[in-house]
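All remarks here apply to the structure that follows.
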Amino acid sequence: MCGIFGFLTYCTPLEREVILRRLVEGLQRLEYRGYDSAGLSFDSNGKPTVVKSRGNIAKLIAELDAVVAEKGIDLKQVVDTHVGIAHTRWATHGVPSPTNSHPHVSDPDNAFVVVHNGIITNFEALKNFLTKEGYAFYSDTDTEVIPKLAKYIYDKTAEPLTFPELVQQVMKQLNGAYALLFKSTKYPNELVACKLGSPLILGIKESPMMQKDPTDVTIKDAECLASKHHASVHGVEYFLASDAAAVVEHTKQVMVLEDRDVLHIKSTGDFEVWHPSATLVDGALLQEDMQHVTRAIDTLQLEVTQIMKGNYPHYMLKEIHEQPDSITMTLRGRVMLQREHDSVRKDSREVSSGLHTTHSFIHAVAEHPPQAVASFDKPVFGTKRIVLGGLVDYLKSVRQCRRFLFVGCGTSFHAALAARSLMEQLADIPVQMELASDMVDRRAPIYRDDTAIFVSQSGETADTLRALEYAKACGALCVGVTNTVGSAIARMTHCGVHINAGAEIGVASTKAYTSQIVVMVMMALALSEDSMSKHHCRNRIMDDLVALPDAVRDVLKLDKEVQELAQDLKNENSLLVFGRGAGYATALEAALKVKEVALLHSEGILSGEMKHGPLALVDESLPIIVIATQDSMYEKNRNVIQQLRARQGRLIILCNNDDESMEREHGKGVKLLRVPSLPHQTEALQGILNIVPMQLLSYHLAVIRGLNVDQPRNLAKSVTTE
């Protein structure tokens, strides 16, 4: 959940001020991963200088200015080659403080300096051992054992070790999850990175001409596979980061490190990637040797504008308002119409797809008004189709499974819950919901004919990764739904779908949630494509998919009305949200958003459970939101509303804007939030329209209460620790 950043220049003359600015800006791009303390290390006067502070990056900048002034460091000095590392922390061991902040060092001379993202589970045993060896510890963290262990191994080894060999010896002693950056006075101008379970990427700017050994490196599909890179020209900059957001403004050429990789950037400007190779004798591990490995250098699809706030005061508000476009991007190229004959409208856009010519449904609808959607069923067009490239080779296997397991945490779990009923309806396969941590804790029975679908915005969620490892070991077919290309879940699953929602920086997920629902609806449609009995139902759902972006735009027009509601609720201490059917997922997600950013106790409750306890809380002072749009649960929700009114409940009803029955409730002590309907009332997709005003409500509550919207207390964006 922390963010680490490294910056190494080779034969690139830069002022020290520029180097420090790069390190600080890298941390600012990663601050959503943790913001209770921060630190960095850079070279000055031939020795690593370490600067740390409690609080956010702004406080680190103030501390850095003070250290520079105190030590008289020349910021205008030009440096040709330099290694710097930095860290922004989400505390797991020890309270936020300068002492517990990273980087951590091996000794007063800073012989080894380390930053770490993850958790070392056996740190206490290592700490006890090193204490007996005379090492003093000053922090409460698990990380401090790492640089001291490196120093211990360096001092005790008779034969000199290379830097990556030393780091490999350290890795052998560590249990847990980690991404690590090492710098050392013993290995000047070198940097070593390694990872296990936590994300880490390498960015290369103005990459030198590569001299490749053809036995090590091949070129396939315009991707360069890299194991050894030898710099033959000057001007190389390397960026190491927990996330692409810290790299994209410098370069789009990146390499994703795999678990147990050791990356060594040498003082000569070239780098190597090593990976342990096990030698087995009679099934027993004899030894592990490090070998060169190949890793793809990819081009980032992320744009710098996606990680900027633009004209919005907060990332969360920007990302809420981006949802019409993010949903369109999720749909683009995936919702298709198959042509039956050559008579086609001239303004349709053609896309080559196998033996057929297809037309992008999204593009076609964008060029015609919503009321024209129904005309696509006329004889000019044939069957509406869903094309999910990541699932094509596995659709037959998925259709034959005995059950689906939807696995996720928090918002991702709620997105899966919102799509559950539709998946069961279209695929005729039962769906079991699993919170990732609970599934692993109780070792839930999983069978070889199960399909487990793992939902995660970042693709690095630790609990979800552990659940994935468990399900894979049980022989289940594993499917990933993530927003991050190249993430751990994307690499570890057998197949999957990227939601293509774009970068999400705000800690409270908004647009990723709605795009996750859209993707799982499309998965249900793809799985039911061979069912003639569901043909009409599928077409109606796809009509609603196409109408969805414009409907979300209409919902966003409620912003001022929601802001007024937030003013009414700003001093409340508790909030209940009732929902039923697909509305239950909306209730849970709405309550979570209010908790996360407004720091207001809120609870999402299944309406059917109201009489089994929650009704005791109802009085004239407790605000209650009821999700009551016109779906299959509408009449039951009306009954709930009547029962709450009978107990003098203070009601806020989220209903459709053409609901005359709910309009009659208005003015009887009941407030209404009116959202549009989709053409065919697809319940899972209506849930997307219903959650948007709840997202806006949580945002405005946080702003009115004077809270940090993008960096809620005690939270971080990417949960990479269990």
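The figures here come from the full heavy-atom set of this structure, side chains too, leaving out hydrogens, waters and symmetry mates.
- Rounding to the nearest 0.5 Å places CG of Leu417 at 12.0 Å from OG1 of Thr411.
- Applying the side chain to side chain donor-acceptor pair (under 3.5 Å) definition to pairs two or more places apart or across chains, none involves residues 415-426.
- Atom-to-atom distance recorded for Gln648:CD and Leu651:CG is 10.0 Å, nearest 0.5 angstrom.
- Side chain of Thr493 to main chain of Ile489: a donor-acceptor pair is present (N/O by atom type, distance under 3.5 Å, no hydrogens or angles).
- Rounded to the nearest 0.5 angstrom, Gln457 CD and Ile499 CD1 are separated by 6.5 Å.
- Judged purely by distance below 3.5 Å, without hydrogens or angles, the side chains of Gln695 and Glu589 never pair a donor atom with an acceptor atom.
- Here CG of Leu576 is found 9.5 Å from CD1 of Ile625. Values are rounded to the nearest 0.5 Å.
- Sorted by first and then second residue, the salt bridge (charged side-chain N to carboxylate O under 4.0 Å, His left out) pairs with a member in residues 478-496 read Glu258-Arg491; sequence neighbours excluded.
- Checking side-chain atoms of Asn690 against main-chain N and O of Gly583 turns up no donor-acceptor pair under 3.5 Å.
- Between Leu435 and Phe413, the closest side-chain pair of non-hydrogen atoms falls below 4.5 Å.
- When the side-chain hydrogen bond (donor to acceptor under 3.5 Å, both in side chains) test is applied to Lys318, the partners found at least two apart in sequence or on another chain are Glu322.
- Among residues two or more places apart in sequence or in another chain, the ring-ring contact (aromatic ring centres under 6.0 Å, His included) test is passed with His314 by Tyr699.
- In terms of the side-chain hydrogen bond (donor to acceptor under 3.5 Å, both in side chains) criterion, Ser437 has no residue partners (sequence neighbours excluded).
- The side-chain heavy atoms of Met423 and Val521, taken from C-beta on, include no pair separated by under 4.5 Å.
- When side chains are defined from C-beta on, Leu701 does not count as touching Val597, because their heavy atoms never get closer than 4.5 Å.
- Ile691 is not listed as a side-chain neighbour of His414, based on a closest heavy-atom distance of 4.5 Å or more.
- We find that Glu603 and Lys595 are not joined by a salt bridge, their nearest charged nitrogen and carboxylate oxygen being 4.0 Å or further apart.
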Could you give me the CA-CA distance, side-chain angles and deciding distance for Met694 and Val562, then say whether side chain to side chain contact (heavy atoms under 4.5 Å, CB included) is met?
CA-CA 8 Å; Met694 298 295 98; Val562 174; over 6 Å; no
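- With sequence neighbours left out, the ring-ring contact (aromatic ring centres under 6.0 Å, His included) criterion links Tyr312 to His321.
- At a threshold of 4.5 Å between non-hydrogen side-chain atoms, the residues Glu434 and Gln432 count as touching.
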Start with the C-alpha distance between Leu527 and Ile429, add both sets of side-chain angles, then the distance that settles side chain to side chain contact (heavy atoms under 4.5 Å, CB included), and finish with yes or no.
CA-CA 10 Å; Leu527 290 169; Ile429 298 171; 5.9 Å; no
Decide side chain to side chain donor-acceptor pair (under 3.5 Å) for Ser677 and Asn656; before the verdict, give the C-alpha distance in whole Å, the side-chain angles of both, and the deciding distance to 0.1 Å.
CA-CA 6 Å; Ser677 304; Asn656 290 124; 3.1 Å; yes
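- When each of Leu548, Leu685, Leu545 is tested with Ile327 by the rule side chain to side chain contact (heavy atoms under 4.5 Å, CB included), just one qualifies, namely Leu548.
- Salt bridge absent: Arg580 and Asp631 never bring a charged side-chain N and a carboxylate O closer than 4.0 Å.
- Between Lys511 and Glu504, none of the side-chain N atoms (NZ, or NE/NH1/NH2) sits under 4.0 Å from a carboxylate O, so this pair counts as no salt bridge.
- Once rounded to the nearest 0.5 Å, the distance linking CE of Met523 with CG of Leu426 reads 12.5 Å.
- Distance check, rounded to the nearest 0.5 Å: NE2 of His700 to CD of Glu561 gives 11.5 Å.
- The closest side-chain donor-acceptor pair between Asp559 and Gln563, if any, does not fall under 3.5 angstrom.
- Listed by chain and residue number, nothing satisfies the side-chain hydrogen bond (donor to acceptor under 3.5 Å, both in side chains) test with Ser698 (two or more places apart in sequence, or in another chain).
- Between the Ser607 side chain and the Gly579 main chain, a donor and an acceptor come within less than 3.5 Å of each other.
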Met492/Cys478 under side chain to side chain contact (heavy atoms under 4.5 Å, CB included): CA gap, chis, key distance, verdict
CA-CA 8 Å; Met492 289 173 61; Cys478 297; over 6 Å; no
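- Screening Asn657, Asp550, Leu558 against Pro676 for a side chain to side chain contact (heavy atoms under 4.5 Å, CB included) leaves a single residue, Asn657.
- Residues satisfying the ring-ring contact (aromatic ring centres under 6.0 Å, His included) criterion with His494, sequence neighbours excluded, are absent altogether.
- With sequence neighbours excluded, no residue satisfies salt bridge (Lys or Arg N to Asp or Glu O under 4.0 Å) with Glu683.
- Note on residues 637-652: pairs passing salt bridge (charged side-chain N to carboxylate O under 4.0 Å, His left out), not counting sequence neighbours, are Glu572-Arg650, Glu635-Arg638, Arg645-Glu665.
- For Asp543 and Arg540, the salt-bridge test fails: no basic side-chain N is under 4.0 Å from an acidic carboxylate O.
- No donor-acceptor contact under 3.5 angstrom links the side chains of Ser487 and Glu460, judged on distance only.
- Residues Tyr634 and Thr629 have side chains not in contact (no heavy-atom distance under 4.5 Å, counting atoms from C-beta outward).
- Salt bridge annotation for Asp568-Lys671: present, with a cationic side-chain nitrogen under 4.0 angstrom from a carboxylate oxygen.
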Chi angles and distances behind the side chain to side chain contact (heavy atoms under 4.5 Å, CB included) call for Thr510, Met316:
CA-CA 7 Å; Thr510 51; Met316 184 180 179; 4.2 Å; yes
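- For residues 445-455, every residue pair satisfying the side chain to side chain donor-acceptor pair (under 3.5 Å) rule, not counting sequence neighbours, is listed here: Arg403-Asp450.
- For Phe404, there are no ring-ring contact (aromatic ring centres under 6.0 Å, His included) partners two or more places apart in sequence or in a different chain.
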